[in-house]
A.B. asks: 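The structure's right below; bear with me while I get my questions together.
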Amino acid sequence: MTSYKDLGLVNTKDMFAKAVKGGYAIPAYNFNNMEQMQAIIQACVETKSPVILQVSSGARKYANKNLLRNMARGAVEYAHELGCDIPIVLHLDHGDSFELCVDCIESGFSSVMIDGSHLSYDENVALTKKVCDYAHKHDVTVEGELGVLAGVEDDVSAEESHYTKPEEVQDFVKKTGVDSLAISIGTSHGRQKFKPEQCTKNADGVLIPPPLAFDILAEIEKKLPGFPIVLHGSSSVPVEYVKEIEKFGGKLSDSVGIPEEQLRKAAKSAVCKINIDSDGRLAMTAAIRKVLFEKPDEFDPRKYLGPARDELKKLYMHKNVNVLGSANRV
Ligand code: G3H
Ligand code: 13P
Ligand code: ZN
C-alpha cells in the first residue's frame with residue numbers, strides 16, 4: 001500500500017472548502033503523458049493555482065498505473081523545483097468499480113470518482129457508499145455522480161443526457177457519505193457537446209449552444225448549501241483550435257463546447273471542480289498538425305511535442321486566470 005501522503009499529494013477536502021467559500025473552481029485536468037503533466041504543473045505554478053490531476057481508467061491502461069503514480073510524485077517535486085508548492089490531488093476519473101477504486105487508493109491516489117450514474121438510484125447509492133466507506137478509512141475523498149451526461153464516459157456511454165433530479169441529492173449525499181457530487185445540467189463529454197439542431201448559428205456560422213440548466217444548479221445548491229459540486233464535460237472547444245486543425249488537414253465537423261462565460265458563472269457558485277480534457281486534446285493536436293504540415297522533414301518528436309506542450313500551458317493558464325478563477329489561490 002502506498003499512501004498519497006507519502007507522495008506529497010493532498011485530498012480534495014480543504015481545497016474544495018476554500019473554493020466554495022472563495023467562489024472559484026479547481027481545475028481538474030486529465031493527463032496520460034509527460035508533456036501534458038509538464039504543461040499542467042508549469043501553468044498551475046505560474047498562476048499559483050491548486051490543481052487536480054485526473055487519470056481515467058483508459059489512461060491507466062494506456063500509460064501504466066505505476067508510471068502514472070510516479071509521475072504524480074514527480075509532479076510534486078517539479079512544482080517545488082519551479083518555486084511554488086501548489087496543492088496537488090491525484091484523482092481517478094470515472095471509476096467504474098469498487099475494485100478499481102481500491103486499486104487506485106492502494107497505489108497512491110488521494111481522491112477517486114465512483115461513477116454509478118448509469119445504475120439504478122439504489123444501486124448507485126450502494127456502490128458509492130461501499131467506495132466511501134473504504135476510501136474514508138484511508139482519508140481519501142470520493143466524488144459520486146447523479147444524473148447522466150450524454151456522450152462517452154470512458155467505458156460508459158449514453159445517447160441522451162438526463163439532468164440531475166434536485167429532489168434526490170440530499171438523500172444521496174446522506175446515504176453515501178460522498179465528499180463531492182458530479183451533476184448533469186447540460187454539459188457532456190468530447191468535442192460535440194450538442195447536436196447542430198440544438199444550436200443556433202452566429203453571423204460567422206459558428207454554432208451557439210443552448211445555455212446550461214442554471215435553474216437546476218440553483219435548486220441543488222439550495223438543497224445542499226455549501227456542498228462541493230462538480231461539472232464534467234466542461235471543455236469550451238475553442239473555435240480557433242478547431243479551425244487550426246482543419247487548416248492543417250484535420251476534420252472536426254460540428255464541434256461545439258460550453259461557452260466560457262457560462263463556466264465562469266458556474267465557478268462562482270457551489271461548482272468547485274471543473275473537468276477539462278477535450279480542450280487539451282485540441283490544443284495539442286492543433287500545435288502538432290501545424291509543425292508537421294509546415295515542416296514535413298521534421299521527425300524529432302521534441303520538435304512537435306514541445307510546441308504542443310507550450311500551447312497546452314497557455315491554454316491552462318488562460319483557464320485558471322480567466323475562466324475558473326483559481327489563480328492566486330495558493
Ligand atoms: O471523461 C472522460 C475523459 O475525457 C477521459 O477520457 O477515457 O478517453 O481517457 P478517456
Ligand atoms: P471534456 O470532454 O469536456 O473535456 O470533459 C472532460 C471530463 O469530464 C473528464 O471527466
Ligand atoms: Zn467526465
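Position 1 is the first residue of the sequence; numbering continues from there. All ligand and atom numbering here is 1-based and tracks the order in the structure.
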A.B. asks: Within a radius of less than 6.0 Å around NE2 of His136, do more than 12 heavy atoms belonging to other residues, nucleotides or ligands occur?
C.D. replies: yes
A.B. asks: Do Leu7 and Val89 sit in one hydrophobic cluster, given that two such residues count as connected whenever their side-chain heavy atoms are within less than 4.5 Å of each other, even indirectly?
C.D. replies: no
A.B. asks: Answer with yes or no whether Ser56 contacts ligand 1, where contact means a heavy atom under 4.0 Å from a ligand atom.
C.D. replies: yes
A.B. asks: Going by distance only, is there an N or O of Asn30 that falls short of 3.5 Å from an N or O of ligand 1?
C.D. replies: no
A.B. asks: Just let me know how Gln54 lines up against ligand 1, side chain, backbone, both or neither, with a heavy-atom cut-off below 4.0 Å.
C.D. replies: neither
A.B. asks: Could you list the residues that satisfy ring-ring contact (aromatic ring centres under 6.0 Å, His included) with Tyr29, not counting sequence neighbours?
C.D. replies: Tyr316
A.B. asks: Measure from atom 6 (O) of ligand 1 to every heavy atom in His189, Arg281, His94 and give the option owning the shortest one.
C.D. replies: Arg281
A.B. asks: So which of the N, O or S atoms of His232 lies nearest the Zn ion (ligand 3)?
C.D. replies: ND1
A.B. asks: Out of Asp277, Val55, Leu149, whose heavy atom is nearest to atom 4 (O) of ligand 1?
C.D. replies: Asp277
A.B. asks: Is any side-chain heavy atom of His94 closer than 4.5 Å to a side-chain heavy atom of His189?
C.D. replies: yes
A.B. asks: For His162 and His118, what are the C-alpha separation, side-chain angles and deciding distance, and is it a ring-ring contact (aromatic ring centres under 6.0 Å, His included)?
C.D. replies: CA-CA 10 Å; His162 300 280; His118 54 291; over 10 Å; no
A.B. asks: Please determine whether side-chain hydrogen bond (donor to acceptor under 3.5 Å, both in side chains) holds for the pair Arg191 and Ser235, giving the CA-CA distance in whole Å, both sets of side-chain angles, and the decisive distance to 0.1 Å.
C.D. replies: CA-CA 8 Å; Arg191 68 170 179 88; Ser235 279; over 6 Å; no
A.B. asks: So do the side chains of Tyr304 and Leu292 get within less than 4.5 Å of each other, counting heavy atoms only?
C.D. replies: yes
A.B. asks: I'd like to know whether OH of Tyr62 has more than 12 heavy-atom contacts from other residues, nucleotides or ligands below 6.0 angstrom.
C.D. replies: no
A.B. asks: Of the backbone atoms (N, CA, C, O) and the side-chain heavy atoms from C-beta on, which set of Asn275 has a member under 4.0 Å from an atom of ligand 1: side chain, backbone, both, or neither?
C.D. replies: neither
A.B. asks: Measuring from each atom of ligand 2, which residues have a heavy atom under 4.0 Å away?
C.D. replies: Asn30, Gln54, Asp93, His94, Ser188, His189, Gly190, Lys193, His232, Gly233, Ser234, Ser235, Asn275, Ile276, Asp277, Ser278
A.B. asks: Which label fits Phe248 and Phe293: parallel for a plane angle under 30°, tilted from 30 to 60°, or perpendicular past 60°?
C.D. replies: tilted
